[in-house]
Protein chains: 2
Amino acid sequence: MGTRERKQREVQAREELFLSTARRLIREEGLLTLQMARLARACDYATGTLYQHFASKEDLLVALATQRMREHAEQFCRAASWQAGTRDRMFALSVVDHAFNRQHPGFARLLQYVFTEVVWESASPDRRQALQVELEAPAAAVTGIVSQAIADGELVSGRLTPQELMLGPWGLSAGIQSMQQTRGMLAGLGIEDPTRLLHHHVQAVLNGLGWQPLFDLDDGTALDGLVARIEREVIHAES
Amino acid sequence: MGTRERKQREVQAREELFLSTARRLIREEGLLTLQMARLARACDYATGTLYQHFASKEDLLVALATQRMREHAEQFCRAASWQAGTRDRMFALSVVDHAFNRQHPGFARLLQYVFTEVVWESASPDRRQALQVELEAPAAAVTGIVSQAIADGELVSGRLTPQELMLGPWGLSAGIQSMQQTRGMLAGLGIEDPTRLLHHHVQAVLNGLGWQPLFDLDDGTALDGLVARIEREVIHAES
DNA sequence: GCACTTTTTTGAACCAGATTCAATATCCGA
DNA sequence: TCGGATATTGAATCTGGTTCAAAAAAGTGC
């Protein structure tokens, strides 16, 4: 009679409520001050009910990260299937990634925290696994672009596999963005516009890997134009 | 009468004891399980005494990171003044950085944790400042190499300042190394030898930035040879 | 060496906040 | 409607960081 299913849906909805409320609390008062009892109360449930969904606070955080990661993966895959050359698509991934992080300011911070030994190791294996699963689609998307570039002769793989090749642009994006997190670090070095710089350097690695057609790094206008086009065609595209 | 100074030295020594014991405890039982009371007891002092040195647990962690960072900065500066061309010296920084992290396996993890909003914001301003100070020397070293490369005509700065240029290689190193931290992440992608890959990609960015003389990325032997030479002449050099 | 003040050390008490679990309420099939 | 299964509750428990009044040690003037 479907009463089981309804129950399922209710539980699902409640989990959603917990997650979105947690997100709001974090936005309003910071990751630092999130408290399980307060979260439960804010949702009009008892503490114990919250623990029926999440085995621990760390679990909740991983779940939060997983949820956002899913959205992120969607955007990412959209960028990967953009109608453009492999090189531009690869670059688009970095732009989309960065735009996503700007749109969800807490996400990068949360992810940084979640991947910390202290949090990661105290989350339940299931939740960890779920987050890792969300990483697969984006990874496959990137690898696909690299493979196609090799097949099309726009990129020479040398001794490296596609996975290994993608580590360059990916690592660079991740590295610069994580520096952007640490309050005051880049400003302290006199760096003004990290976003533009990130794009510049990603183009530099792609050039360095010999990914055709090479990009003229001195042409600031072309870079801005390309970024604008990606934002228009990929990020703000209807879907 | 110098009794004040002696006292100073004793306090200094005790702080050193706390730090090195903390390091041992973390090594033996993990960051996760470090407890202030246990640490104090392990040093034969009362909890309160420990708090005379460190305002909080977070403070202690930042102090720990700062101490190691100082050693790291030394190695780093040594590499920066290596007798070699600017390009090789820049590359050497990345090699030294990575070697240091391999030699002190917990350091990267600790740093990752410390730079987390949750920890960073609950450490005292003094301790934060102290860690930031330790970043200045390395930053100056890198910037110096970049500036010299520009002066020598081995690198064309375009529209970027030396600080901005160095963000490329630096961000890449940081990004790949932090991925290496997250247990199983790289292995899950089928990546075997992240160290070699890191070196490869750093050379790729340097090539991409047009840093002369360009490095032949297909020549694996040359890469290994250069790394070996750096390890010999910079890392294991007497000082 | 002694009486007194100041500084340092101590560790048990305190407190915050995550987690548990016995009691209670709700649901569901018969 | 009844009886057992399941879900919810929130006060009690537990862990571990932090504090602070008391005790000890060090310093000072005589």
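The sequence lines fix the lettering, A, B, ..., with proteins before strands; numbering per chain opens at 1. Quick caveat: nothing in here was measured; it's all calculated off a predicted structure.
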Enquirer: Take the protein atom CE of Met36(B) and the nucleotide atom C1' of dC14(C), then report the distance between them rounded to whole Å.
Expert: 17 Å
Enquirer: Over how many whole Å does the gap from Glu58(B) atom CD to dG17(D) atom C1' extend?
Expert: 9 Å
Enquirer: Is any side-chain nitrogen or oxygen of Arg41(B) closer than 4.0 Å to OP1 or OP2 of dG11(C)?
Expert: yes
Enquirer: Pick base, sugar-phosphate or nothing for Leu34(A), based on heavy-atom distances below 4.0 Å to the nucleic acid.
Expert: sugar-phosphate
Enquirer: Using atom CZ of Arg14(A) as one end and atom C1' of dA7(D) as the other, report the distance to the nearest whole Å.
Expert: 8 Å
Enquirer: Could you tell me how far apart Gln52(B) (CD) and dT7(C) (C1') are, to the nearest whole angstrom?
Expert: 9 Å
Enquirer: Quick check on dA16(C): is either OP1 or OP2 less than 4.0 Å from any side-chain nitrogen or oxygen of Gln35(A)?
Expert: no
Enquirer: Between Glu117(A) and Gln112(B), do the side chains contain a donor N or O and an acceptor N or O under 3.5 Å apart?
Expert: no
Enquirer: For a quick test of reading the model, state the closest non-hydrogen atom pair linking Ser173(B) to Asp97(B) and the distance between them.
Expert: CB-OD2, 4.2 Å
Enquirer: Rounded to the nearest Å, what distance is computed from the CG atom of residue Leu39(A) to the P atom of nucleotide dT19(C)?
Expert: 12 Å
Enquirer: Measure from the side-chain heavy atoms of Ala46(B) and tell me the nearest of dT19(C), dG10(D), dT10(C).
Expert: dT10(C)
Enquirer: Mind telling me whether Tyr113(B) and Tyr113(A) have parallel, tilted or perpendicular rings, with 30° and 60° as the class edges?
Expert: parallel
Enquirer: To the nearest Å, how far apart are Glu10(A) CD and dT8(D) P?
Expert: 9 Å
Enquirer: In whole angstrom, give the distance that lies between atom NZ of Lys57(A) and atom P of dA18(C).
Expert: 4 Å
Enquirer: Take the angle between the ring planes of Phe91(B) and His199(B) and call it parallel below 30°, perpendicular above 60°, tilted in between.
Expert: perpendicular
Enquirer: Quick check: on DNA chain C, is the nucleotide nearest Asp44(B) upstream (toward 5') of the one nearest Ala55(A), or the reverse? Name the residue that is more 5'.
Expert: Asp44(B)
Enquirer: Report the distance from atom CD of Gln8(A) to atom P of dT6(D), rounded to the nearest whole Å.
Expert: 14 Å
Enquirer: Give the nucleotide from the list dG10(D), dT8(D), dT10(C) with an atom nearest to the side chain of Thr47(A).
Expert: dG10(D)
Enquirer: Determine yes or no for a side-chain-to-main-chain donor-acceptor pair under 3.5 angstrom, with Arg128(B) supplying the side chain and Trp120(B) the backbone.
Expert: yes
Enquirer: With respect to the phosphate group of dT9(D), does any side-chain polar atom (N or O) of Thr49(A) fall under 4.0 Å of OP1 or OP2?
Expert: yes
